Amino acid sequence: PARASRLAHFAAGADWARQNGAQLERFNLAQQPMAFAESAPVKAFLERAGQEALPLTLVDGQIVLAGRYPSRADLARWAGLAAPAAAKAESAGNCCSGGCCG
């Protein structure tokens, strides 16, 4: 349940980022294994750490985050977007006031 909640928060953040102009793609290992196999950094990461270390986030082909889904504040920073107030609170460690804790 906690993982599903984190994924739901990420999905909402990803939708927000796309609506604000970010170019963002999400791949699922079970459904799109070739996307993982064809990416050299992802393939090397999986060989070293295994799929248990997922999720993995890349920005411009470089690994920037592993082991957790990015927050809305992370997505905003990487996309050069202004973070909304809830994301700013989340990144400051006060995420419960923004309703993002799981």
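Model, not experiment: these values are computed from the prediction.
Linking ILVMFWY side-chain heavy atoms closer than 4.5 Å, directly or via other members, places Leu65 and Leu56 in two distinct hydrophobic clusters. The hydrophobic cluster containing Val64 does not contain Phe45, counting ILVMFWY residues as joined when their side-chain heavy atoms lie under 4.5 angstrom apart, directly or transitively.
The minimum heavy-atom distance linking Ala17 with Leu81 is given by the pair O-CD1, 4.0 Å. Scanning all heavy atoms of the two residues, the minimum distance from Leu46 to Gln51 falls at CD2-CA, 3.8 Å. Taking each heavy atom of Asn28 and Phe36 in turn, the nearest pair found is C-CE1, 3.5 Å.
Between Thr57 and Leu75 the shortest side-chain heavy-atom distance does not fall below 4.5 Å. Side-chain contact between Leu7 and Arg26 is present, with at least one heavy-atom pair separated by less than 4.5 Å.
Aromatic ring orientation, Tyr69 versus Phe10: parallel (interplanar angle below 30°, classes split at 30° and 60°).
Gln32 CD: more than 12 foreign heavy atoms inside a 6.0 Å radius.
Distance check, rounded to the nearest 0.5 Å: CG of Asp15 to CZ of Arg72 gives 8.5 Å.
For Ser39, the side chain to side chain contact (heavy atoms under 4.5 Å, CB included) test picks out Pro41, Val42, Leu58, with sequence neighbours left out.
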Stepwise, does the side chain to side chain contact (heavy atoms under 4.5 Å, CB included) test hold for Leu24 with Trp78? CA-CA 10 Å; Leu24 186 146; Trp78 296 325; over 6 Å; no

In sequence, state the C-alpha distance, the side-chain angles, and the governing distance for Arg68 and Asp74, and then conclude on side chain to side chain contact (heavy atoms under 4.5 Å, CB included). CA-CA 11 Å; Arg68 70 170 176 85; Asp74 292 329; 3.0 Å; yes

